[in-house]
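Here's the structure we're looking at; comments come further down.
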Amino acid sequence: MKRVVRRVPYMLYILGGTLLFLLGLSVWWPLLMVLTGSLMGSSEVMQRLAPALMSAKGFASWSLLPQFPTLRPYVELLLDTPQFFVLFWNTVKMSGAILIGQLLIGVPAAWGFARYSFPLKRTLFLLYIALMLLPFHVTMVSSFLVLDTLRLLNTQLGIVLPAVFSTFPVFILYRFFRAIPHEVLEAATLDGASAVQCFLKIGVPLGGSGVAAAMTLSFFEYWNMVEQPLTFLSDQTLWPLSLYLPSISAERLGLTLAASVIALIPPMLVFWFGQSYLEEGIRVTGGKGR
Amino acid sequence: MKQMEHVKHSKPIRHRQGQLTGFLFILPSLLGVAVFLLFPFLDVLRRSFFTAVGGRFVFLENYRLLFENTAFRLALGNTLRFMLLCIPLLVALSLLLALLVSAWPGERVPHLYKTTFLLPLAVPVASVALLWRVLFHQNGLINGGAVRLGLLEAAGAIDYMNSDWAFWVLVGSYLWKNLGYDMILWLAGLAGIPKDQYEAARVDGASGGSLFLYITLPQLLPTLFTISVLSFLNAFRVFREAYLVAGSYPHSSMYLLQHLLGNWFVDLDMDKLCAAASLLALSIFLLILLLQKSWEREDLA
Amino acid sequence: MKTGDLLLKLRDKRLKIAGIFVAVLLILTVFSRISASFMVPIVETMAPQTGFLTHSVSGEGVLVPNKQIAVVPREGLLIEEVWVKEGQTVSPQTPLLRLSVSDLTEQLAVLRLLDQKLSLQARGAVIPSLNPLGEELERNVLRAQEDAKLQTKSDDAALRRAQDDLIDSVNKQYWVSRDNSGKELANPYEAEIRAARRAVQDARERQERNLLEGKRALEDAEQQIITAEQSLKKEQNQVAAARAAAQVQSQIAEIDRQLNALAIEALEVYHADEGVLVAEQAGVVTQLLGKIGARTTGEGVLLLGDTASGYSLEARFTAQQAKHVTVGAGATVSLQGLENELSVSVLGLRPDGNGVIASALLPEGVGTLGGAGELLVTQNTQSYDFCVPTSALREDTAGCFVLIVEDEKSILGVQQVAQRVSVEVLDQTPERAAVSGAFSLDSKVIVSSKRAIQEGERVRLGL
């Protein structure tokens with residue numbers, strides 16, 4: 001690798017560094033904005049952002065350091081706003097249930113696709129990929145009717161169940177399970193291990209990082225659910241945080257920013273946890289084994 | 001050679017017992033998929049041939065009406081434009097970043113950049129939507145900053161979300177969010193290229209440019225397929241931000257098919273909705289089938 | 001990636017931080033919930049009811065006997081001593097008071113003199129005589145008649161004489177003129193005849209004139225008589241009237257005399273009793289009107305209550321209360337020294353200043369004279385659609401309202417929220433109020449709360 005680098009012209013090196021830096025800034029700066037904003041206190045945030053959010057005169061402005069740092073928005077949010085927790089736990093509940101469900105349904109399915117051969121498998125897998133790519137809106141009408149028939153409309157289970165059967169984790173895990181050397185399984189089978197034992201004792205541990213990667217990606221996906229709850233949950237008390245945050249009025253902007261920061265923490269933790277798995281997962285889906 | 005090994009190692013179990021076992025493994029998933037994904041899709045397909053009211057079979061009439069619908073043409077145009085612009089842009093940009101990061105000396109800086117570019121994936125959509133509003137409003141931070149720096153007259157402030165800029169904001173948001181994801185994919189692809197090939201080529205006196213052109217790119221082609229598919233998948237997700245910022249009826253430049261479908265759903269415009277949905281789904285299936293060959297060679301051998 | 005590695009990784013500090021984050025959020029969730037529920041006031045609610053209001057008003061008063069007798073001595077007597085006090089029970093023949101004997105004696109003397117005077121007046125009525133009739137007038141008539149007769153006679157004679165003269169003259173002429181041959185000769189008596197004829201004619205004229213004159217005189221006399229007769233009748237009437245008046249006066253005097261006699265008789269009785277008045281029946285002195293040293297007015301000097309006929313409670317109510325007191329309304333009476341309340345009904349109402357006094361009959365044998373009592377009148381109104389406890393009514397500048405608990409869907413689930421409903425108060429008692437407003441019989445009207453609540457505020461339903 002290093003030899004390749006040496007052949008890259010110096011100018012390109014500088015240009016690339018600048019590009020990387022700018023793009024990196026574009027990621028960190030907004031995050032910093034949210035963080036400092038949440039420490040500003042409502043009046044300062046209002047003063048700075050009213051032009052943008054409430055069409056006041058002048059232009060919005062920002063600084064990376066609050067004039068009067070305060071934890072008030074957090075105190076208000078965490079001690080005086082029980083609604084926030086309802087939504088927060090709604091999100092946790094739904095995301096958690098979906099992840100567990102995907103684990104129970106998607107992992108065996110991926111194992112089946114990856115390690116076994118049966119008629120129509122190729123077609124089925126293609127179908128899975130196609131269904132994975134279908135935007136939510138395509139099947140919205142009929143999903144609505146299906147959920148209605150199953151009496152799952154306006155329940156969180158109605159959000160969880162379809163997501164549990166999402167084909168995305170199957171797609172991700174497939175590659176991981178494919179990468180397990182055949183000999184390992186053969187040896188196990190010769191030792192008298194059953195198919196289920198093979199799956200649990202060999203497949204799952206060896207594909208563990210793949211599972212983690214799939215779950216990390218799924219978590220990001222479902223922590224940010226918008227379309228499904230918006231369509232299927234009419235009861236706002238069942239909504240996840242992702243739908244509620246934008247609906248906090250501009251007057252309580254300080255609260256919104258604080259809530260954004262709190263809502264940012266779980267994905268960040270998961271990201272922190274799962275970054276290596278994530279990279280690995282993404283890499284593996286890229287087609288190359290480890 | 002490594003690839004050969006790979007194929008041999010992952011040879012699936014092929015006997016009657018194994019067939020049944022394999023099927024049993026996917027059965028729970030299959031049932032759920034059938035109920036919650038396949039059946040709804042087939043139902044939508046069926047509905048697209050019938051009138052919404054009365055359920056009369058009209059075959060392709062709904063599709064014909066669809067193409068006469070200006071809103072559909074607008075949404076389809078926007079979506080196609082978005083896809084055709086964004087996916088190549090994202091693929092190219094992320095490849096560039098991957099090359100830069102992989103070429104960066106040391107361990108810490110590439111790691112930091114990988115983290116940085118993956119981070120937007122974890123930022124909640126709601127927070128992103130809030131940032132959009134603050135940044136791109138007519139009185140927002142971008143205009144404000146430009147005016148302060150003297151780049152822009154106060155009167156000339158652009159209302160990004162309510163002008164043709166909205167589309168570009170959407171593009172930017174998509175790139176911002178998915179660069180890291182695709183970059184990691186590219187990095188994986190790059191890492192998969194055996195180093196001895198470069199060594200051999202270099203011995204033959206090949207330059208950096210030709211190394212890239214004749215060794216790197218061809219080996220990255222399979223990765224390109226996956227990246228395209230996943231970028232395509234993620235392109236649909238940009239709707240979330242668009243919706244949270246601008247609601248059901250954003251500026252016409254960023255009025256996507258999902259907006260349209262959602263609005264038809266709200267209006268109970270079922271026949272058009274189903275026809276449009278089916279069309280979208282069929283084009284996706286078609287795309288998958290077109291790419292199947294490359295896929296098969298890669299995976300299902 | 002080995003399982004061991006994975007588990008090792010999961011045990012690292014990242015997991016700890018995640019765990020701490022989740023734990024902190026859980027604690028905060030519970031904490032904010034608890035604090036929220038502490039902040040939410042507990043309220044007690046009640047559904048509005050259809051029904052009537054019961055107005056209860058109470059008035060205080062005293063017991064009065066149902067029957068009272070007034071002791072009424074003659075008017076104008078001087079009360080010298082009063083021997084009983086208000087509230088004193090008296091038996092028959094109990095001396096009540098004494099009139100001044102000397103005053104009685106004096107008055108008797110005066111009355112007796114008056115008796116004599118009246119006796120005389122009754123007897124001595126004078127009847128005046130009638131005036132003499134118009135004799136003179138009658139005489140005038142007679143005279144006129146005689147005059148007329150005399151005149152007629154003399155006129156007749158004069159006429160006859162003139163006629164005789166005429167006849168003579170005519171005879172003479174005849175003879176003269178026809179003397180032997182019948183030949184008419186120059187008449188020497190012609191002038192004579194003519195004069196005779198004239199004389200006859202004159203006599204006739206005179207007679208006629210005199211007759212008319214006589215008639216006129218008679219008529220005058222008659223007229224005079226008629227006039228006289230008329231005046232005579234007038235006089236006769238006057239005489240009759242005078243006679244009647246005299247009679248009446250005498251009768252009046254007689255009556256006066258008799259009255260006087262009665263007064264004398266009464267005073268004599270008082271006098272005989274040495275001015276002492278005694279009770280005629282058993283009773284209680286309820287009111288002492290006459291004062292020592294004052295003269296009696298002809299009204300009762302004292303009122304005697306009949307203890308045997310029971311008591312009524314007369315209670316006073318203010319004008320405000322009076323609206324809810326009507327005749328026939330049910331009431332309870334609580335008396336001093338009586339444990340049980342008595343059920344009675346309002347028998348009568350009479351105005352008293354601004355308010356009214358209601359009386360209620362007590363059962364026989366209950367109560368003592370002058371005892372204090374309280375009359376509690378309870379009266380049901382018409383039936384109202386919505387009655388709520390009065391404590392539920394609230395008022396502000398915008399008017400009267402109640403707060404009702406309504407379910408409101410919010411992000412925390414279904415919450416109870418106090419909603420304002422404007423009402424019009426139709427009627428009100430200290431306990432309940434009849435109202436009209438936009439709610440139903442299922443509405444949960446907030447009756448009481450642990451602390452003051454505002455409209456729109458979250459509340460919790462208490463037990």
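As a basis for the values below, the full set of heavy atoms in this structure was taken, side chains included, without hydrogen atoms, waters or symmetry mates. Residue numbering restarts at 1 for every chain, and letters A, B, ... go by the order of the sequence lines.
Using a 4.5 Å cut-off between heavy atoms, Gln258(B) touches chain A through backbone and side chain atoms alike. Only the side chain of Ile284(B) comes within less than 4.5 Å of a heavy atom of chain A; its backbone N, CA, C and O stay farther away. With a 4.5 Å cut-off on non-hydrogen atoms, Phe41(B) touches chain A through its backbone and its side chain both. Residue Ile227(B) does not touch chain A at all, counting heavy-atom pairs closer than 4.5 Å. Contacts between Leu131(B) and chain A at a heavy-atom distance below 4.5 Å involve the side chain alone, from C-beta outward. For Val27(A), the parts lying under 4.5 angstrom from a heavy atom of chain B are both the backbone and the side chain. Both the backbone and the side chain of Glu221(A) come within contact range of chain B, each with at least one heavy atom under 4.5 Å from a heavy atom of that chain. At a 4.5 Å heavy-atom cutoff, the contact between Val35(B) and chain A is made by backbone and side-chain atoms alike. Interface residue Phe144(A): only side-chain heavy atoms are found under 4.5 Å from chain B. With a threshold of 4.5 angstrom between heavy atoms, Leu104(A) does not approach chain B through any atom at all. Neither the backbone nor the side chain of Leu287(B) comes within contact range of chain A; no heavy atom of the residue lies under 4.5 Å from a heavy atom of that chain. Heavy atoms of Leu233(B) lying under 4.5 Å from chain A belong to its backbone as well as its side chain. For Val147(B), the part lying near chain A is the side chain, with the backbone staying farther off; criterion is any non-hydrogen pair under 4.5 Å. Residue contact with chain B, scored on non-hydrogen atoms closer than 4.5 Å, involves the side chain of Val146(A) exclusively. Of the two parts of Leu96(B), only the side chain, counted from C-beta on, holds a non-hydrogen atom closer than 4.5 Å to a non-hydrogen atom of chain A.
Closest approach of Ser142(A) to Val44(B), counting heavy atoms only: OG-CG2, 3.0 Å. Summarising the geometry of Thr139(A) relative to Pro40(B), their closest heavy-atom pair is CB-CB, 4.0 Å, with the distance given to 0.1 Å. Listed here is the closest heavy atom pair of Leu135(B) and Trp29(A): CD2-CZ3, 3.9 Å. In plain terms, the two heavy atoms of Val226(A) and Leu244(B) that are nearest each other are CG2-CD1, 4.0 Å. Residue Thr21(B) comes nearest to Ala195(A) through the heavy atom pair CG2-CB, 3.2 Å, listed as atom of the first residue, atom of the second, then distance.
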Result block: side-chain N/O donor-acceptor pairs under 3.5 angstrom for residues 158-169 of chain A, not counting sequence neighbours:
unit_1	atom_1	unit_2	atom_2	d
Ser166(A)	OG	Phe168(A)	N	3.2
Thr167(A)	OG1	Tyr128(A)	O	3.0
Thr167(A)	OG1	Met132(A)	N	3.3

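Separating the OG atom in Ser29(B) from the CD atom in Gln102(A) is a distance of 10.0 Å, to the nearest 0.5 Å. Between the CG atom in Leu133(A) and the CZ atom in Phe285(B) there is a gap of 9.0 Å [rounded to 0.5 Å]. Put simply, CG on Leu30(B) and CG on Leu124(A) are 5.5 Å apart, with the number rounded to the nearest 0.5 Å. Interatomic distance, Leu257(A) CG to Leu130(B) CG, rounded to the nearest 0.5 Å: 5.5 Å. Between atom CG of residue Leu97(B) and atom CG of residue Leu19(A) there is a gap of 5.5 Å, rounded to the nearest 0.5 Å. Here the CZ atom belonging to Phe136(A) is positioned 13.5 Å from the CZ atom belonging to Arg237(B), to the nearest 0.5 angstrom.
Using modelled atom types, one side-chain atom of Asn224(A) and one backbone atom of Val125(B) make a donor-acceptor pair closer than 3.5 Å. Not a single donor-acceptor pair under 3.5 Å links the side chain of Trp223(A) to the backbone N or O of Pro124(B).
Side chains of Tyr181(B) and Phe220(A) form no contact here, defined as non-hydrogen atoms less than 4.5 Å apart. You'll find the side chain of Val123(B) reaches within 4.5 Å of the side chain of Met268(A), heavy atoms only. Residues Leu230(B) and Phe171(A) have side chains in contact (heavy-atom distance under 4.5 Å, counting atoms from C-beta outward). Contact check for Val33(B) versus Leu131(A): side-chain heavy atoms found under the 4.5 Å cut-off. Met183(B) has its side chain out of reach of Leu23(A): every pair of non-hydrogen atoms, C-beta onward, lies at least 4.5 Å apart. When side chains are defined from C-beta on, Trp176(B) counts as touching Ser26(A), because their heavy atoms get closer than 4.5 Å. Residues Ser242(A) and Arg240(B) have side chains not in contact (no heavy-atom distance under 4.5 Å, counting atoms from C-beta outward).
Heavy-atom pairs under 4.5 Å with chain A peak, among Leu31(B), Val109(B), Leu100(B), Thr115(B), at Thr115(B). Between chain B and the options Ala130(A), Pro267(A), Gly16(A), Pro135(A), the largest number of non-hydrogen pairs under 4.5 Å is found for Pro135(A). The choice from Val107(A), Val184(A), Ile105(A) that makes the most heavy-atom pairs within less than 4.5 Å of chain B is Ile105(A). Comparing Arg148(B), Met270(B), His111(B) by how many heavy-atom pairs each has under 4.5 Å with chain A, the most go to Arg148(B). The greatest number of non-hydrogen atom pairs below 4.5 Å with chain B, out of Ala110(A), Gly106(A), Ser143(A), is found for Ser143(A). Annotation: maximal heavy-atom pairing with chain A below 4.5 Å, among Gly140(B), Cys274(B), Ala281(B), occurs at Gly140(B). The greatest number of non-hydrogen atom pairs below 4.5 Å with chain B, out of Leu147(A), Leu230(A), Val196(A), is found for Leu230(A). Per-residue heavy-atom pair counts under 4.5 Å with chain A were compared for Pro28(B), Gly144(B), Gly32(B), and the maximum is reached by Gly32(B). Annotation: maximal heavy-atom pairing with chain A below 4.5 Å, among Leu45(B), Leu141(B), Asp43(B), occurs at Leu141(B).
Note: Phe25(B) and Tyr116(A) meet the aromatic proximity criterion, with ring centroids under 6.0 Å apart. The aromatic ring centroids of His137(A) and Phe239(B) lie less than 6.0 Å from each other.
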Worked verdict on Leu150(A) versus Phe36(B) for side-chain contact (heavy atoms from CB on, under 4.5 Å)
CA-CA 11 Å; Leu150(A) 296 175; Phe36(B) 290 107; 3.9 Å; yes

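A 6.0 Å sphere centred on CH2 of Trp28(A) holds no more than 12 heavy atoms belonging to other residues, nucleotides or ligands.
Looking at residues two or more places apart in sequence or on another chain, you find a side-chain contact (heavy atoms from CB on, under 4.5 Å) between His137(B) and Ala52(A), Ser55(A), Asn139(B).
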